[in-house]
Amino acid sequence: MRGRKRLLAGLLAILMAFAGLSLYSMKKNAAESGDYQYVVSEDGASLTITKYTGSGGAVVIPSEMDGKKVTSIGHGAFSDCIGLSRVEIPRGVIEIEDSAFSGCSGLESIKVAEGNGTYDSREDCNAIIQTETNELLCGCKNTKIPESVTSIGDYAFLGCSKSLIIYGFPSSEAGRHAKENSITFEIIAPAGTSTRQA
């Protein structure tokens with residue numbers, strides 16, 4: 001019995017030591033530049049934005065900060081920034097974590113810079129689409145979902161405006177998503193007109 005308790009105590013001590021090292025490493029690599037808080041990657045050449053602290057408006061996320069490439073936008077990095085109206089993602093970003101822009105109810109425009117090999121905003125859709133999978137990861141109240149989108153992420157419209165309307169084509173993934181989530185859906189007609197469906 002005593003041997004088992006000692007073993008458990010030893011394992012717990014090892015786990016706490018590892019947790020402490022990880023926390024120390026995160027604090028050591030954490031930094032701030034302008035309106036952004038970030039963590040430097042292990043290679044020291046790139047970084048992840050962990051928090052946007054600005055007031056919003058039209059924001060162009062920088063491609064570099066303090067001489068390091070911006071390659072990732074962390075979980076909830078821009079969450080609940082209700083003053084954010086427009087955002088542009090740089091071409092070097094290769095990872096956008098869940099809920100990065102959740103709760104940004106004033107967001108009207110989302111654009112991924114041309115030349116990004118991981119994400120795109122095809123057809124001026126006002127959204128972030130994962131290029132390889134055709135999954136829409138993040139939208140806003142002016143998103144027009146292209147026919148090429150085959151799936152929509154669970155958090156794509158989390159915390160958007162209460163009067164959210166999504167636009168898409170008949171019999172598309174957009175219509176299915178709107179129906180399942182009780183979002184007003186407006187059909188994009190070929191002639192440029194639209195038909196609203198509750």
Between side-chain atoms of residues 48-62 and protein atoms elsewhere (two or more places apart, or another chain), which donor-acceptor pairs fall under 3.5 Å?
residue	atom	partner	partner atom	Å
Thr50	OG1	Gln37	O	3.1
Tyr52	OH	Gly56	N	3.1
Thr53	OG1	Asp35	O	3.1

Do [X] and [Y] belong together in a cluster built from hydrophobic side chains that touch within less than 4.5 Å?
{"X": "Val149", "Y": "Phe101", "value": "no"}
{"X": "Ile166", "Y": "Ile128", "value": "no"}
{"X": "Ile145", "Y": "Ile89", "value": "no"}
{"X": "Val70", "Y": "Val40", "value": "yes"}
{"X": "Ile187", "Y": "Ile183", "value": "yes"}

Ile94: hydrophobic cluster co-members (side-chain, 4.5 Å): none
Student check: side-chain heavy atoms of Ser79 and Ser99 closer than 4.5 Å: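 No, too far: nothing below the 4.5 Å cut-off.
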Hey, does the side chain of [X] reach the backbone of [Y] with a donor-acceptor pair shorter than 3.5 angstrom?
{"X": "His75", "Y": "Asp98", "answer": "yes"}
{"X": "Asp43", "Y": "Ala45", "answer": "yes"}
{"X": "Ser41", "Y": "Ser46", "answer": "yes"}
{"X": "Ser121", "Y": "Ala127", "answer": "yes"}

Working for side chain to side chain contact (heavy atoms under 4.5 Å, CB included), residues Ser109 and Val87: CA-CA 6 Å; Ser109 173; Val87 65; over 6 Å; no
Between [atom1] of [X] and [atom2] of [Y], what distance do you get to the nearest 0.5 Å?
{"X": "Ile110", "Y": "Thr143", "atom1": "CD1", "atom2": "OG1", "result": "5.5 Å"}
{"X": "Ser172", "Y": "Phe185", "atom1": "OG", "atom2": "CZ", "result": "4.5 Å"}
{"X": "Ser63", "Y": "Glu88", "atom1": "OG", "atom2": "CD", "result": "10.5 Å"}
{"X": "Ser33", "Y": "Met65", "atom1": "OG", "atom2": "CE", "result": "6.0 Å"}
{"X": "Tyr155", "Y": "Ser102", "atom1": "OH", "atom2": "OG", "result": "10.0 Å"}
{"X": "Leu137", "Y": "Glu97", "atom1": "CG", "atom2": "CD", "result": "12.0 Å"}

Write down the atom of [X], the atom of [Y], and the distance for their closest heavy-atom approach.
{"X": "Gly153", "Y": "Glu135", "result": "CA-OE2, 3.4 Å"}
{"X": "Lys68", "Y": "Gly44", "result": "CE-O, 3.4 Å"}
{"X": "Ala77", "Y": "Ile73", "result": "CB-CG2, 3.8 Å"}

Name every donor-acceptor pair, under 3.5 Å, that has one atom in a side chain of residues 112-120 and the other anywhere in the protein, sequence neighbours excluded.
residue	atom	partner	partner atom	Å
Asn116	OD1	Thr118	N	2.8
Asn116	OD1	Tyr119	N	2.9
Asn116	ND2	Pro90	O	3.1
Asn116	ND2	Arg91	O	3.2
Asn116	ND2	Val93	O	3.0
Tyr119	OH	Ile96	N	2.9
Asp120	OD1	Arg122	N	3.0
Asp120	OD1	Arg122	NE	2.8
Asp120	OD2	Arg122	NH2	2.9
Asp120	OD2	Thr131	OG1	2.8

CG (Asn181) with more than 12 external heavy atoms under 6.0 Å: yes
Residue among Leu164, Ile82, Asp80 satisfying side chain to side chain contact (heavy atoms under 4.5 Å, CB included) with Ser105: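 Single pass found, and it is Ile82.
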Side chain to side chain contact (heavy atoms under 4.5 Å, CB included) assessment of Ile152 paired with Phe157: CA-CA 9 Å; Ile152 298 173; Phe157 294 97; 4.1 Å; yes
Audit row: Glu108, Arg86, side chain to side chain contact (heavy atoms under 4.5 Å, CB included) steps and yes/no: CA-CA 6 Å; Glu108 298 176 348; Arg86 303 172 65 89; 5.5 Å; no
Distance-only donor-acceptor check, side chains Tyr167 and Asn142, under 3.5 Å: no
Mutual orientation of the aromatic rings belonging to Phe78 and Tyr36 [parallel < 30°, tilted 30-60°, perpendicular > 60°]: perpendicular
NZ/NE/NH1/NH2 to OD/OE distance under 4.0 Å, Glu180 and Arg176: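 Judged by the 4.0 Å cut-off on N to carboxylate O distance, Glu180 and Arg176 do form a salt bridge.
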